[in-house]
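Before any comments, here is the structure.
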Amino acid sequence: MPEPVDAVEMRTALAGLRRTSGLPVAFGGLLSDARHARIAELDGARTGALRGLVISAGSGLGGKAIALARPCAVTDYPVSRHISHEYDTAVAAEGLRSVVAVPVVVRRRVRGVLYGALRTPVSLGDRTFDAAVAAARDVEQALAVRDEVRELLALTQEQAAAGPGAAPGAWEDVREAHRELRALAPRVADPALRDALLAVCGRLASASGARATPAAAMEVRLAPREVDVVACVAAGATNAAAARQLGLRPETVKGYLRSAMRKLGAHTRLEAVVAARRAGLLP
């Protein structure tokens with residue numbers, strides 16, 4: 001069964017934190033509600049003392065980071081006067097001393113917390129802070145993409161069901177949602193969510209009223225990135241704008257567009273869009 005983003009992305013971020021900072025221990029988890037985070041992932045831990053620990057906002061170092069929505073650190077956790085000590089037993093069991101905690105913030109809302117730690121009491125430098133913040137940003141981006149995808153999926157389910165009977169303005173919304181979903185697909189780490197996203201894209205494309213014969217549609221086979229580029233072109237994007245939206249170089253976009261036009265038998269960008277819609281590749 002595919003793992004959710006709070007396992008896959010968190011685990012990847014923690015491994016990256018250890019690799020870039022040199023810290024021997026990294027751990028973290030997402031908030032289950034507005035005030036509580038559960039430590040779900042550990043990297044480099046010697047015991048299971050921290051796993052499953054529920055961190056309350058304002059309590060301990062991580063709770064302080066959650067409450068203030070900013071990174072916090074201590075040089076020697078057990079004796080620090082700047083934090084409360086509800087979690088000393090678990091911290092002591094793992095032998096942690098110097099610790100940094102960074103909140104995961106998406107749309108100005110704290111969604112989780114990442115920690116990096118040493119088993120010796122030394123001051124953590126800028127490199128360590130930068131690595132911890134970068135790891136948190138990776139998780140933030142993954143969560144933001146997932147949120148956006150789910151919002152778009154919810155929005156387009158009804159629009160796709162409406163099909164060609166939808167009002168003209170609503171149909172333009174369908175086309176824009178299709179383009180945005182396709183642009184987001186390569187950034188989605190969760191396989192199940194990515195498959196659901198692409199399935200909705202297919203429904204949106206096939207819902208168009210202008211249809212060629214099934215045989216004609218079968219003759220056109222565009223690569224996923226070729227469809228992405230044509231979808232951007234259909235929305236009026238230049239090659240440079242499409243490159244920004246898709247995270248590609250303008251020259252790469254130009255190559256995909258040229259290949260798509262050849263397969264579609266199109267001589268202009270407009271002809272390519274029309275042909276893609278007739279082939280059921282775009283809504």
Side-chain angles (χ1 to χ4, degrees), residues 5 9 106-108 134 137-160 162 164 166-190 193-210 217 220-283:
V5 70
E9 295 297 343
V106 181
R107 297 180 182 176
R108 300 183 180 180
R137 297 297 174 267
D138 288 342
V139 179
E140 289 169 7
Q141 183 179 37
L143 291 174
V145 169
R146 184 182 68 172
D147 291 349
E148 189 171 356
V149 167
R150 287 181 171 171
E151 289 171 7
L152 284 169
L153 286 176
L155 175 66
T156 55
Q157 290 286 353
E158 184 176 344
Q159 293 174 329
W171 194 243
E172 287 306 313
D173 290 341
V174 169
R175 288 171 172 165
E176 179 62 17
H178 176 269
R179 182 194 63 75
E180 292 182 15
L181 286 169
R182 289 206 61 93
L184 285 169
R187 298 165 54 193
V188 177
D190 185 339
L193 182 58
R194 186 169 59 248
D195 290 345
L197 183 159
L198 292 174
V200 170
C201 285
R203 288 185 60 200
L204 290 175
S206 63
S208 173
V220 180
R221 286 288 182 267
L222 297 189
R225 274 309 199 189
E226 292 171 348
V227 177
D228 295 342
V229 168
V230 176
C232 287
V233 170
T238 63
N239 288 351
R244 288 193 297 271
Q245 293 168 15
L246 300 174
L248 301 172
R249 298 175 58 188
E251 295 80 4
T252 304
V253 168
K254 187 182 296 184
Y256 280 132
L257 180 57
R258 187 184 302 115
S259 176
M261 290 174 66
R262 183 176 64 253
K263 293 177 182 179
L264 292 165
H267 301 288
T268 67
R269 298 161 73 90
L270 178 58
E271 287 180 3
V273 171
V274 172
R277 285 175 176 159
R278 287 177 176 169
L281 299 172
L282 296 180

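What you are looking at is a predicted structure, and each value in this text was computed from that prediction instead of being measured. All values below were derived from every heavy atom in this structure, side-chain atoms included, with hydrogens, water molecules and symmetry-related copies excluded.
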>> Holding to salt bridge (Lys or Arg N to Asp or Glu O under 4.0 Å), I want the full list of residues that pass it with R262, two or more places apart in sequence or in another chain.
In response: none

>> Among residues at least two apart in sequence or on other chains, which ones pass side chain to side chain donor-acceptor pair (under 3.5 Å) with R137?
In response: E140

> What pairs with R107 under side chain to side chain donor-acceptor pair (under 3.5 Å), at least two apart in sequence or on another chain?
Replying inline: E151

>> One pair to check against side chain to side chain contact (heavy atoms under 4.5 Å, CB included): L281 and V230. What are the steps and the verdict?
In response: CA-CA 9 Å; L281 299 172; V230 176; over 6 Å; no

> To the nearest 0.5 Å, how far apart are CG in L246 and CZ in R225?
Replying inline: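 Those atoms lie 5.0 Å apart.
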
> So which pairs with a foot in residues 244-256 pass side chain to side chain donor-acceptor pair (under 3.5 Å), sequence neighbours left out?
Replying inline: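 Checked against side chain to side chain donor-acceptor pair (under 3.5 Å) - neighbours excluded - the pairs reaching residues 244-256 are R179-Q245.
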
> Considering all heavy atoms of both residues, which atom of P250 and which atom of A243 are nearest to each other, and what is their separation?
Replying inline: N-CB, 3.7 Å

Donor-acceptor contacts, no H, no angles, side chain residues 263-275, under 3.5 Å, sequence neighbours left out:
unit_1, atom_1, unit_2, atom_2, d
K263, NZ, E226, OE1, 3.0
K263, NZ, E226, OE2, 3.2
T268, OG1, E271, N, 3.1
R269, NH1, N239, OD1, 2.9
R269, NH2, A237, O, 2.9
E271, OE1, H267, N, 2.7

